[in-house]
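Structure, as structure tokens:
Computed from a prediction, not measured in an experiment: that's the story for all the values here. Quick note on labels: first sequence line is chain A, next is B, and so on, each numbered from 1.
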2 protein chains.
Amino acid sequence: MHDAGESECRKDALLDPRIRRSRQMLHDALAQLLTQKEFDKISIQEIAEQAGLNRATFYSHYPDKFTLLNCMVGTRFHGLMARRNVQVNDCGGALKAIAMGVCDFLIDMPGVGVAAGGGQVEGSIQMAIVEVVQGILLRGMNRHEPRDPVDAKTLAATIAWAIYGAAYTWVRTEERCTAEHMAEALDRLISPMLHAGASGG
Amino acid sequence: MHDAGESECRKDALLDPRIRRSRQMLHDALAQLLTQKEFDKISIQEIAEQAGLNRATFYSHYPDKFTLLNCMVGTRFHGLMARRNVQVNDCGGALKAIAMGVCDFLIDMPGVGVAAGGGQVEGSIQMAIVEVVQGILLRGMNRHEPRDPVDAKTLAATIAWAIYGAAYTWVRTEERCTAEHMAEALDRLISPMLHAGASGG
DNA sequence: CGACATCTGTTGCTTAGGCAACGGTTCGCG
DNA sequence: CGCGAACCGTTGCCTAAGCAACAGATGTCG
């Protein structure tokens with residue numbers, strides 16, 4: 001089985017309610033356990049037990065706990081941005097909204113503190129954030145001011161990584177400013193990049 | 001089917017996890033809907049939808065929404081008392097704990113406000129509370145100071161109804177005292193009844 | 001070293017839930 | 001009155017989840 005492997009993490013709709021429910025419970029279980037112990041100290045048995053699901057059911061959804069982690073992080077970040085309806089449209093402030101989302105997500109995400117680093121959790125978070133932010137940027141750019149696809153992809157990647165890097169550094173800073181302040185600073189910093197190269201080729 | 005009919009509401013343990021989960025979801029769904037509209041304005045379709053379950057699944061657990069209401073209220077009150085580990089033992093204060101539980105439950109229970117009265121919801125609550133409180137009293141009396149079974153049953157019923165009636169009146173009072181204060185008053189009022197007739201025949 | 005414990009993937013069978021469809025009731029509205 | 005809409009209670013078929021059991025890997029303690 002392993003229907004939810006990596007790439008098909010977010011086919012939320014159209015799915016059997018039982019499947020969506022089970023995956024949701026596995027996500028919640030892992031998130032809960034991450035508040036108590038490190039990722040590599042968590043067994044699949046624990047996750048299944050915490051979720052109130054059978055261990056065999058875990059394997060019918062994910063091949064291993066790493067894939068679950070990736071899907072959990074991706075789904076949660078995607079959900080956060082979707083709930084806030086973050087998108088790049090004609091009115092400004094999109095970059096600020098994106099940066100706010102990333103900052104808030106990093107703050108709330110268990111397993112990411114001032115301590116620890118280089119773990120599997122950080123990697124999953126980074127991947128998920130960059131991928132989702134890239135998607136938002138690309139969709140907005142294509143809809144608003146079309147440009148060369150290669151340029152668009154490069155630009156989106158650059159901005160996505162820039163925002164993630166800034167937020168990642170920010171969240172690990174002892175006496176950091178507010179997320180709001182950080183997001184505004186990032187917006188001012190990056191906006192020129194987004195609008196400068198429009199329609200260039 | 002209809003495995004959870006009325007009397008066998010609380011066989012929680014030993015049951016297939018899927019069954020416990022579904023019933024829990026139906027309980028939560030009904031409780032949620034009761035915060036929004038009156039009981040007889042709620043359809044089974046709504047309950048199933050709110051629970052994220054199929055309508056047919058509802059019928060495999062309960063014959064109608066009245067049974068669900070009874071089970072939901074009973075389970076919730078029983079769970080509240082169990083979590084607080086309320087029981088009649090050698091040290092005093094049992095009646096206060098019981099009264100506190102009843103007051104807190106009535107306060108939190110949706111569908112019971114200063115308004116409305118004589119509805120199906122009130123009836124279910126009354127039945128559940130009296131039954132559970134009677135059980136607690138009977139178990140405690142048998143364990144602590146055995147007496148004639150008939151007397152015990154009558155005494156337990158009397159006290160249970162007294163507490164319910166007091167709490168019912170209290171919760172519908174405009175400017176009521178705290179639950180703590182009310183429980184203490186009831187304890188002082190009823191304790192003599194509980195201890196007076198011990199070992200009588 | 002062996003004994004014991006825990007976790008891992010995987011299997012086959014059983015059971016609960018999803019779904020579509022049915023006929024039947026009630027209600028409101030033109 | 002007829003019509004549609006919504007709810008009811010039930011059915012049969014299909015799919016996901018529970019469960020027990022397996023062999024194998026790892027780890028730890030005496």
Side-chain angles (χ1 to χ4, degrees), chain A residues 1-6 8-9 11-30 32-34 36-72 75 120, chain B residues 1-6 8-9 11-30 32-34 36-72 75 120:
Chain A
M1 298 281 176
H2 306 154
D3 295 3
E6 289 280 356
E8 42 272 46
C9 273
K11 285 182 178 174
D12 285 4
L14 283 161
L15 228 40
D16 187 317
R18 290 170 288 181
I19 296 182
R20 309 206 304 124
R21 191 182 310 149
S22 295
R23 295 190 181 163
Q24 181 66 51
M25 290 191 291
L26 288 172
H27 289 185
D28 294 346
L30 177 56
Q32 174 60 31
L33 288 174
L34 278 176
Q36 301 167 9
K37 52 169 72 178
E38 292 179 19
F39 179 70
D40 52 3
K41 296 278 187 293
I42 299 173
S43 73
I44 291 179
Q45 290 190 348
E46 277 179 300
I47 298 172
E49 184 180 355
Q50 172 75 29
L53 290 176
N54 194 281
R55 193 165 56 90
T57 304
F58 177 97
Y59 288 105
S60 73
H61 290 282
Y62 306 100
D64 48 58
K65 65 177 181 175
F66 303 101
T67 308
L68 168 64
L69 175 65
N70 290 338
C71 288
M72 187 268 278
T75 303
Q120 176 70 29
Chain B
M1 299 279 177
H2 305 155
D3 296 3
E6 289 281 356
E8 41 270 50
C9 274
K11 285 183 178 177
D12 286 3
L14 282 163
L15 229 41
D16 187 318
R18 289 171 288 182
I19 297 181
R20 309 205 301 123
R21 191 181 309 147
S22 294
R23 294 191 183 162
Q24 181 65 52
M25 290 192 293
L26 288 171
H27 289 185
D28 293 346
L30 177 56
Q32 173 60 30
L33 288 173
L34 278 175
Q36 300 167 9
K37 53 168 72 176
E38 290 178 23
F39 179 72
D40 52 2
K41 296 278 186 295
I42 298 173
S43 73
I44 291 180
Q45 292 191 345
E46 276 178 303
I47 298 172
E49 184 180 354
Q50 171 76 28
L53 290 175
N54 195 281
R55 193 166 56 91
T57 303
F58 177 97
Y59 288 105
S60 72
H61 289 282
Y62 305 100
D64 47 58
K65 64 178 182 175
F66 304 100
T67 308
L68 169 64
L69 176 65
N70 290 339
C71 287
M72 186 268 278
T75 303
Q120 175 71 28

Task: Axial bend angle, the helix from C:dC1-D:dG30 to C:dG30-D:dC1: five-pair end segments, nearest 10° - done: 30°
Task: A:N70/A:T67 under side-chain hydrogen bond (donor to acceptor under 3.5 Å, both in side chains): CA gap, chis, key distance, verdict - done: CA-CA 5 Å; A:N70 290 338; A:T67 308; 5.5 Å; no
Task: Whole angstrom value for the distance that separates P of D:dG18 from CE of A:M25 - done: 7 Å
Open item on the list: Rounded to whole Å, how long is the line connecting atom CZ of B:F66 with atom C1' of D:dC8?
Closed with: 13 Å
TODO: Mark yes when over 12 heavy atoms from residues, nucleotides or ligands other than A:E49 sit less than 6.0 Å from its CD; otherwise mark no.
DONE: no
Task: Of the listed nucleotides D:dG18, D:dT11, C:dG17, the one nearest the side chain of B:H61 - done: C:dG17
Task: Contact under 4.0 Å: B:T57 side-chain N or O vs C:dG18 OP1/OP2 - done: yes
- [ ] Measure across B:L53 and B:S22 and return the closest heavy-atom pair with its distance rounded to 0.1 Å.
- [x] CD1-O, 3.7 Å
Open item on the list: In whole Å, I'd like the distance from the CG atom of A:N54 to the P atom of D:dA21.
Closed with: 13 Å
Task: Nearest to side-chain heavy atoms of A:Y59, which nucleotide of C:dG9, D:dA17, D:dG18 - done: C:dG9
Task: Neighbour count above 12 (heavy atom, 6.0 Å) for B:E38 CD - done: no
TODO: Please say whether more than 12 non-hydrogen atoms of neighbouring residues, nucleotides or ligands are located less than 6.0 Å from CD in A:Q32.
DONE: yes
Task: Phosphate OP1/OP2 of C:dA16 contacted by B:S22 side-chain N/O (<4.0 Å) - done: no
TODO: Please state how far atom CG in B:L68 lies from atom P in D:dC8, giving the value in whole angstrom units.
DONE: 12 Å
Open item on the list: Would you say B:R21 places a side-chain N or O within less than 4.0 Å of OP1 or OP2 belonging to D:dG18?
Closed with: yes
Open item on the list: I need the minimum non-hydrogen distance between A:L30 and A:I42, along with the two atoms involved.
Closed with: CD1-CD1, 4.3 Å
- [ ] Start with the C-alpha distance between B:L26 and B:T57, add both sets of side-chain angles, then the distance that settles side-chain contact (heavy atoms from CB on, under 4.5 Å), and finish with yes or no.
- [x] CA-CA 10 Å; B:L26 288 171; B:T57 303; 5.8 Å; no
TODO: Find the distance A:R55:CZ to D:dA21:C1' and express it as a whole number of Å.
DONE: 11 Å
Task: A:C71 to A:H27 - nearest heavy-atom pair and separation - done: O-CE1, 3.8 Å
Task: Among D:dG18, D:dA17, C:dA16, the one nearest A:S60 by side-chain distance - done: D:dA17
Open item on the list: Restricting to non-hydrogen atoms, name the atom on A:I47 and the atom on A:A29 that form the minimum distance, rounded to 0.1 Å.
Closed with: O-CB, 3.5 Å
TODO: Could you list by number each residue of residues 37-50 of chain B showing a heavy-atom separation from DNA chain D of less than 4.0 Å, or answer none if no residue does?
DONE: B:S43, B:I44, B:Q45
- [ ] Specify the separation, in whole Å, of atom CZ of B:R18 and atom C1' of C:dT14.
- [x] 8 Å
TODO: Using the closest heavy atom to pick a nucleotide of DNA chain C for each, name whichever of A:P17 or A:K65 lands nearer the 5' end.
DONE: A:K65
- [ ] Using atom CG of B:D16 as one end and atom P of C:dG17 as the other, report the distance to the nearest whole Å.
- [x] 7 Å
Task: A:G52 versus B:P17, closest heavy-atom pair with distance - done: O-CB, 4.4 Å
- [ ] Round to a whole Å and report the spacing from CZ of B:F58 to C1' of C:dC19.
- [x] 18 Å
